[in-house]
Amino acid sequence: MTESAIQPVSMKLAEADFDAFSRDLGGSFARYGFAVVADHGLDEAMIRAAVDDAKTFFALPAEAKMAYHVPGTGGARGYTPFGKEAAKDADVVDLKEFWHTGRDLPEGHPYARYMRENLWPAEVPGFRTHVKGLYEAMDQLGKRLLVAIARYLKLDDDYFEGPTALGNSVLRLLHYPPVPADAPGVRAGAHEDINVITLLLGAEEAGLQVKDRTGEWLPISPPEGALVVNIGDMLQRLTNHVLPSTTHRVVNPAPERRGYSRYSTPFFLHFEPEFLIETLPGCVTAENPNRYPEPITAEDFLLQRLREIRLL
Ligand SMILES: O=C(O)CCC(=O)C(=O)O
Ligand SMILES: [Fe+2]
């Protein structure tokens, strides 16, 4: 297998030459559906505090954690236990548990119809401050990356601003417990992300693999602290597959790492629920005719997909 086939793109380049940054970033997405982003500027202490809180939470007894599980809500907020989510069309469930934090909407906002209020675990005092801080920092960074993507697609720089301003984005704190040698299934079965783009921290612990268009599984081994960013199905659909949503998975550890947990934190950046995903005219050509003549709202698309992964 090819080690680190995906060359990191530094955000320092974004300050020096935004056109060049957007070309490198967009080029990596067009080729792999993934990019590795170095020098992203997220505060390390803030990340560590949030991840430490996640570790403290996951170490609580199952009954304490289940107090934050809300059945029938697609795991949108709070805790989803081990053995619940499965990749689309998979026979076995993933070997993971997770916590979801969403956007705190302005008081009385009509999107409260779609976006539930956050839950916070009383057992971990710093959790709310740290995790909310990380959510907001990831949201800002994601929006900056979308400016580069807009430029790559020859759209106005602010194209994504309105559609994502109060996006239904979710920060997922993930815990993959140690894996017994005879465990059925894998940490995360092969899947595509549903949303616009995903910003992933914590992929340094081995396991994440991307299915290259050659059919080969490429291991992603980002440099320490770098961010792995990928295109989700909503952006793939909007761009008529010019930016592909690539299948990925998290495989079980090698025997010497089996006894260790893996923690990672993807931020799933979403559109606002009522945004209409309608193929961009600039992404339609004679060789790539419009694959989606019917537009769909982000909310309808999300509900359809949550049913497929057994969260609804
Ligand atoms: O844990 C990881 O490295 C990836 C997680 C992932 O792909 C997901 O939660 O969608
Ligand atoms: Fe994923």
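Source: prediction; values computed, not measured. Whatever order the structure lists them in is the order used to number ligands and atoms, beginning at 1. In what follows, residues are counted from 1 in the order of the sequence shown.
- F127 and W99 have perpendicular rings, their planes meeting at more than 60° on a 0 to 90° scale where under 30° would count as parallel.
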List below, pair by pair, the N or O atoms of ligand 1 and of the protein that are less than 3.5 Å apart, including the distance to 0.1 Å; reply 'none' if no pair qualifies.
| unit_1 | atom_1 | unit_2 | atom_2 | d |
| --- | --- | --- | --- | --- |
| ligand 1 | 1 (O) | Y176 | OH | 2.6 |
| ligand 1 | 1 (O) | R262 | NH1 | 2.8 |
| ligand 1 | 1 (O) | S264 | OG | 2.7 |
| ligand 1 | 3 (O) | R262 | NH1 | 3.0 |
| ligand 1 | 3 (O) | R262 | NH2 | 3.0 |
| ligand 1 | 7 (O) | H191 | NE2 | 3.2 |
| ligand 1 | 7 (O) | H248 | NE2 | 3.1 |
| ligand 1 | 9 (O) | R172 | NH1 | 3.1 |
| ligand 1 | 10 (O) | H191 | NE2 | 3.1 |
| ligand 1 | 10 (O) | D193 | OD1 | 3.2 |

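- Legend: protein N/O/S atoms lying under 2.8 Å from the Fe ion (ligand 2), waters omitted, number 3.
- Legend: side chain to side chain donor-acceptor pair (under 3.5 Å) pairs involving residues 43-54, not counting sequence neighbours, sorted by first then second residue: D53-H130.
- Look at D139 and K143 and you find a salt bridge, because one of the NZ, NE, NH1 or NH2 atoms lies within 4.0 Å of a carboxylate O, short of that distance.
- Screening residues 233-257 for ring-ring contact (aromatic ring centres under 6.0 Å, His included) gives F34-H248, H191-H248, H241-Y292 as the qualifying pairs, with residues at least two apart or on separate chains.
- Under the 4.0 Å criterion applied to side-chain N and carboxylate O atoms, E192 and K88 are not assigned as salt-bridge partners.
- The number of heavy-atom neighbours closer than 6.0 Å to CD of E256, taken from other residues, nucleotides and ligands shown, is above 12.
- Looking at E272 and Y111, their side chains do bring a donor and an acceptor atom within 3.5 Å of each other.
- Using a 4.0 Å cut-off between a side-chain N of Lys or Arg and a carboxylate O of Asp or Glu, R103 and E136 do not qualify as a salt bridge.
- In this structure, D94 does not pair ionically with R187, as no charged nitrogen and carboxylate oxygen lie closer than 4.0 Å.
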